[in-house]
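Report on one structure; see the data block that follows.
Note that the structure is a prediction, hence the values are computed from the model and not measured.
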Number of protein chains: 2
Amino acid sequence: MPAMIATFRALAEPNRLHIVELLRQGPRPVGHLVRRLRLRQPQVSKHLRVLSAAGLVDVRVDAQRRIYALRPAPLQQLELWLEKYRRLWEGNFQRLDALLDNLKSSEQKSRKKKHLRRAIGSDHP
Amino acid sequence: MPAMIATFRALAEPNRLHIVELLRQGPRPVGHLVRRLRLRQPQVSKHLRVLSAAGLVDVRVDAQRRIYALRPAPLQQLELWLEKYRRLWEGNFQRLDALLDNLKSSEQKSRKKKHLRRAIGSDHP
DNA sequence: TACGAATATTCTTGTCAAGGAATATTCGCT
DNA sequence: AGCGAATATTCCTTGACAAGAATATTCGTA
């Protein structure tokens with residue numbers, strides 16, 4: 001799961017996310033990215049290094065050029081991780097919370113709130 | 001798409017990711033998180049603030065306690081974003097690149113490489 | 001009303017990461 | 001051999017941010 005952190009950190013930088021989006025269309029040499037982004041060549045190289053360290057990107061050497069390509073693995077991992085959360089919006093799980101909240105608004109508060117507290121927000125569930 | 005950045009930034013911090021994982025099991029008061037994480041209460045509150053600002057989390061007030069709950073929206077967005085990349089590992093797209101790379105290893109380089117350059121890594125695709 | 005529980009906020013400090021500028025490296029070509 | 005193109009690396013400065021410590025706020029309750 002520290003792999004997940006590396007992925008998030010890499011993608012949290014706007015320019016890097018942009019690079020990833022550009023590479024979605026296929027492998028590209030550095031110069032191509034430099035022209036698309038509002039960045040100078042050294043920064044692009046640096047960002048590519050970070051992406052590479054995070055395993056998000058792969059280099060292929062072609063003479064003086066380096067062709068960078070997306071590596072699917074980290075994104076697959078990300079999708080895998082996300083799946084654990086899908087029930088949050090697929091099932092009506094968790095919205096139970098909002099429902100109870102609404103109910104609470106149309107009642108006197110003291111006794112009922114204690115019930116809710118034990119039922120949902122309990123500290124020792 | 002700056003929303004995506006906010007999500008990534010929020011999740012890029014290990015403790016915050018941990019909080020999110022904990023909240024996956026349902027809404028929880030701050031104290032519960034404090035006990036689970038290796039963090040002091042103020043830091044947890046701060047991290048919750050960041051998560052809240054990123055829209056990843058929601059508060060419900062219950063007397064002195066604040067019950068935090070995951071908000072599905074940003075994660076849904078994330079999944080949506082990821083879908084654009086799914087073809088990277090579903091189709092055999094992009095692995096074309098690795099294939100050509102392997103071929104290259106078992107041939108003389110000069111003429112062939114020029115062809116590859118134009119075909120794949122071109123600067124003006 | 002005073003107190004304690006639960007949580008938030010402020011201030012400070014150290015660390016790390018991103019951009020800028022300059023330079024180094026590598027390769028093809030003539 | 002030397003030059004220019006393409007890319008990487010280094011050094012520096014600055015800003016953001018996380019942790020620590022201390023304090024403030026809010027609420028229920030005796």
Give the rounded distance in Å between these two atoms: [atom1] of [X] and [atom2] of [N].
{"X": "A:R65", "N": "C:dC29", "atom1": "CZ", "atom2": "P", "value": "12 Å"}
{"X": "A:I67", "N": "D:dA5", "atom1": "CD1", "atom2": "P", "value": "18 Å"}
{"X": "B:I5", "N": "D:dA16", "atom1": "CD1", "atom2": "P", "value": "16 Å"}
{"X": "B:R49", "N": "C:dT9", "atom1": "CZ", "atom2": "C1'", "value": "7 Å"}
{"X": "B:L33", "N": "C:dA6", "atom1": "CG", "atom2": "P", "value": "14 Å"}
{"X": "A:L48", "N": "D:dT7", "atom1": "CG", "atom2": "C1'", "value": "10 Å"}
{"X": "B:Q64", "N": "C:dA6", "atom1": "CD", "atom2": "C1'", "value": "6 Å"}
{"X": "A:Y68", "N": "D:dT7", "atom1": "OH", "atom2": "P", "value": "9 Å"}

Euclidean distance, A:R66 CZ relative to A:Q64 CD, rounded to 0.5 Å
9.5 Å
What distance do A:L56 atom CG and A:L48 atom CG have between them, rounded to the nearest 0.5 Å?
11.0 Å
Quick tally for nucleotides 17-22 of chain C: nucleotides whose base has a protein heavy atom under 4.0 Å get B, sugar-phosphate-only ones S, the rest -, giving SSBB-B
Between B:R71 (side chain) and B:G55 (backbone), is there a donor-acceptor pair under 3.5 Å?
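Checked: pair present.
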Using atom types as modelled and distance alone, determine if a side-chain donor or acceptor of B:R16 lies under 3.5 Å from a backbone N or O of B:A10.
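Checked: pair present.
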What residues form a side-chain contact (heavy atoms from CB on, under 4.5 Å) with A:R9, not counting sequence neighbours?
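A:R9: side-chain contact (heavy atoms from CB on, under 4.5 Å) contacts with A:I5, B:A12.
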Partners of A:R40 by side-chain contact (heavy atoms from CB on, under 4.5 Å), sequence neighbours excluded?
A:P42, A:Q43
Not counting sequence neighbours, which residues clear salt bridge (charged side-chain N to carboxylate O under 4.0 Å, His left out) with B:E79? List them please.
A:R86
Starting from the first five and the last five pairs of the helix from C:dT1-D:dA30 to C:dT30-D:dA1, work out the angle between the resulting helix axes, to 10 degrees.
10°
Would you please name every residue forming a side chain to side chain donor-acceptor pair (under 3.5 Å) with B:Q41, sequence neighbours left out?
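Side chain to side chain donor-acceptor pair (under 3.5 Å) list for B:Q41, sorted by chain: B:S45.
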Is the A:F8 ring parallel, tilted or perpendicular to the B:F8 ring (thresholds 30°, 60°)?
tilted
